[in-house]
Amino acid sequence: MLARLWCVMLSPQTILVVDDDELLARMVAELLRGEGYHVWAAWDGLQGYSSYYQHQTQTVVTDIDMPELDGFEMMRCIRAINPCARAIYMSGAPEQYRRTLVTEAQDFGAGVLRKPFEGIELLKLIPSFASEKIKPGSYKYEWLPDQKKFVWKEEAV
């Protein structure tokens, strides 16, 4: 008998921020710390993976286009440790990654932020990641071409 896999997440108060723009990563980390989250930061995908290996945060806020490992490759490595690791991807051009982002959203409940973004946009996404048990695929992103953006939708399970 195959049991349904439900992922028990770590503390919803832990976040890893990964961006090769060190200033942006520091600013995002400080914003989140100011909201009471425990935050670690890394400057590329390889450092991000190493940091995740040490801290195993609930949420990873990551740039997509980075040296060493891009955000998608880094999350594949992280999911080898925790298949239910959640990601919020940041990009100045998310449209060029649309297909992968939609798959990430459908399979893992990933979020997307278009750079530049307001801090409040990130803070609105974080609570949607805070539930104790998450079934992969219970969230999805839908691309709205007329609005040229992704819209987050929770599916009934």
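Inter-residue side-chain proximity for Leu16 and Val39 is flagged as unmet; no heavy-atom pair is nearer than 4.5 Å. Side chains of Leu32 and Leu122 form a contact here, defined as non-hydrogen atoms less than 4.5 Å apart. Met90 places a side-chain heavy atom less than 4.5 Å from the side chain of Val61. Side-chain contact check for Ser91 versus Asp65: every heavy-atom pair is 4.5 Å or farther apart. Side-chain contact between Thr62 and Ile88: absent, with no pair of heavy atoms (C-beta onward) separated by less than 4.5 Å. The side-chain heavy atoms of Ile126 and Ile15, taken from C-beta on, include a pair separated by under 4.5 Å. No side-chain heavy atom of Val60 sits under 4.5 Å from any side-chain heavy atom of Val17.
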Inset, instruction - Might you work through the side-chain contact (heavy atoms from CB on, under 4.5 Å) test for Phe108 and Arg86, ending with a clear yes or no? - result: CA-CA 7 Å; Phe108 302 105; Arg86 303 296 297 270; 5.7 Å; no
Legend entry - Verdict with reasoning, Lys115 to Asp19, per salt bridge (charged side-chain N to carboxylate O under 4.0 Å, His left out): CA-CA 12 Å; Lys115 291 180 181 177; Asp19 199 311; 2.8 Å; yes
Inset, instruction - Starting from the C-alpha separation in whole Å, work towards a yes-or-no answer on side-chain contact (heavy atoms from CB on, under 4.5 Å) for Phe117 and Val112. - result: CA-CA 11 Å; Phe117 56 88; Val112 180; over 6 Å; no
Inset, instruction - Kindly indicate, with the supporting measurements, whether the criterion side-chain contact (heavy atoms from CB on, under 4.5 Å) is fulfilled by Tyr37 and Thr14. - result: CA-CA 6 Å; Tyr37 294 98; Thr14 60; over 6 Å; no
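Between Glu30 and Arg33 a salt bridge is recorded (basic side-chain N to carboxylate O distance below 4.0 Å). With respect to the salt-bridge test (charged N to carboxylate O, under 4.0 angstrom), the residues Lys124 and Glu118 do not qualify.
The hydrophobic cluster around Met27 extends to Leu23, counting ILVMFWY residues whose side-chain heavy atoms fall within less than 4.5 Å of a member. In this structure, Trp43 shares a hydrophobic cluster with no other residue, the cluster being traced through Ile, Leu, Val, Met, Phe, Trp and Tyr side chains under 4.5 angstrom apart.
We find the CE-OH distance between Met74 and Tyr52 to be 10.5 Å, quoted to the nearest 0.5 Å. Note that CE of Met75 and CD1 of Ile64 are 11.5 Å apart. Values are rounded to the nearest 0.5 Å.
Within a 6.0 Å radius of OH in Tyr53, other residues, nucleotides and ligands contribute 12 heavy atoms or fewer.
Taking the centre of each ring, Tyr89 and Tyr97 stay at or above the 6.0 Å mark.
No side-chain donor-acceptor contact under 3.5 Å links Arg79 to the backbone of Cys84. Side-chain atoms of Asp63 never come within 3.5 Å of backbone atoms of Met66 as a donor-acceptor pair (strictly under, hydrogens ignored).
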